[in-house]
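Below, chain A is the first sequence line, B the second, and so on; all start at residue 1.
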2 protein chains.
Amino acid sequence: MSDKPFETHRLRSTSEAPDSRAVAARLAALSHPARIEILKHLSASNSCCCREVVDRFDLAQSTVSQHLKILVEAGLVRFEPDRQRSRYAIDHAALADVSASLTALVNSCCSGR
Amino acid sequence: MSDKPFETHRLRSTSEAPDSRAVAARLAALSHPARIEILKHLSASNSCCCREVVDRFDLAQSTVSQHLKILVEAGLVRFEPDRQRSRYAIDHAALADVSASLTALVNSCCSGR
DNA sequence: ATCGTTTATCGCCGATGGACGATGAGTGAC
DNA sequence: GTCACTCATCGTCCATCGGCGATAAACGAT
C-alpha cells in the first residue's frame, strides 16, 4: 500500500527500472580492489586458472578462490571446469551490461537536473 | 621487490592506472540499493534535505543520514548546511567520473581479448 | 597405489556494514 | 524563555565481508 520504495528494509520489486538491488549487487562484486585487479588479469591472460591468479597476487589460494566465486556468482566471470583446473574467463557482455547500467543511472540522474 | 599488485593485502600505489582502490571505494558507495534510490531521488528533487528522503523511504532518520554521509564521503553528493536543514545535491561531475572509470575498466578488459 | 597439483569448501576470527533508538545541538516560531 | 522540528552522532545489535589455514576431492603422472 505504501508508495515508498522501501518496505521495512526491502526494496519493492516494481516492474519498472533495472532494479536497484540488481545493480547494487553487481557493483558490490566490483567494489573490492582485489577483484578489480583479478578482472584485469583475467582480461590480459587466457589461461585464467585459479593457481595463476594466486601466483600473481599475494593472496592465499582460498582467498582467491573466494573472490573468483563472488565474481562468478555476480555473473561477471564465467566458470568452466577443465580437468583438474578451473577455467575462469571474463564475461564481456555482462561486464558491458554493468557499465551500461551505471551509465544509465548516471544519465537518469543528470537528466533530472 | 615483488612484482605483484598486492603486498600482504595492500595494493601497491603504482602511479599508473586509476588505482583500483579508488575505483572500488566509489563503487562501494554505489553498491547499496538504498543509496542508489537516494541518488535517484536527489536527481528528481531539488529540495533534498534529509527529512525529505526519510519521508520518502521507510528508513529511520539515522539510517538515511548515514547513507547520505557515505555518499558525501565518496564525493558523489555535495553537502551544504542551510539553516537547520541540510542540503544535499548530486555531484553530477563526480557521478559521471565514476561511470567513466567503470567504462574505462570494462574497455580495458575487452581490449585484452 | 601413491604422490603431487589444483581446487573448493569449511571453520575461525577480526573488521566492517547496516539497521535502529536515543541523545544533543541548532534553528525558527511562538 | 519554551516548544517543535531537523539533523548528526553515539552506542548497540546482528549479519556479512575478507582474510587465513586446514582439509578433502579430483585429476595426472609415475
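Rounded to whole Å, the distance from NE2 on B/H67 to P on D/dT9 is 16 Å. Per the geometry, CZ belonging to B/R51 stands 17 Å off P belonging to C/dG28, to the nearest Å. A straight line from CG of A/L59 to C1' of D/dC20 spans 11 Å, rounded to a whole angstrom. Spacing between atom CZ of A/F79 and atom P of C/dT7 amounts to 10 Å, rounded to whole angstrom units.
A/R35 places a side-chain N or O within donor-acceptor distance of the main-chain N or O of A/A29, the cut-off being under 3.5 Å.
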Using a 3.5 Å cut-off and no angle test, enumerate the donor-acceptor pairs between side-chain atoms of residues 68-88 of chain A and protein atoms at least two apart in sequence or in another chain.
from  : atom 1 : to    : atom 2 : distance (Å)
A/R78 : NH2    : A/I90 : O      : 3.1
A/R87 : NH1    : A/S47 : O      : 2.4
A/R87 : NH2    : A/N46 : O      : 2.8
A/R87 : NH2    : A/S47 : O      : 3.4

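The residue B/Q66 sits apart from the nucleic acid: no heavy atom pair falls under 4.0 Å.
In this structure, the nucleotide among D/dG18, D/dT9, C/dC20 sitting nearest to the side chain of B/Q61 is D/dT9. Side-chain proximity of A/S65 to D/dT9, D/dC20, C/dA8: nearest is C/dA8.
With sequence neighbours left out, A/S65 forms a side-chain hydrogen bond (donor to acceptor under 3.5 Å, both in side chains) with no residue at all.
Taken residue by residue, residues 82-90 of chain A places heavy atoms nearer than 4.0 Å to DNA chain D at A/R83, A/Q84.
Checking A/S62 against B/K69, the closest nucleotide of DNA chain D that is more toward the 5' end is the one next to B/K69.
Here the closest non-hydrogen pair linking A/V106 and B/S99 is CG2-CB, 3.8 Å.
Remark: A/S43 OG to A/L95 CG distance equals 9.0 Å, nearest 0.5 Å.
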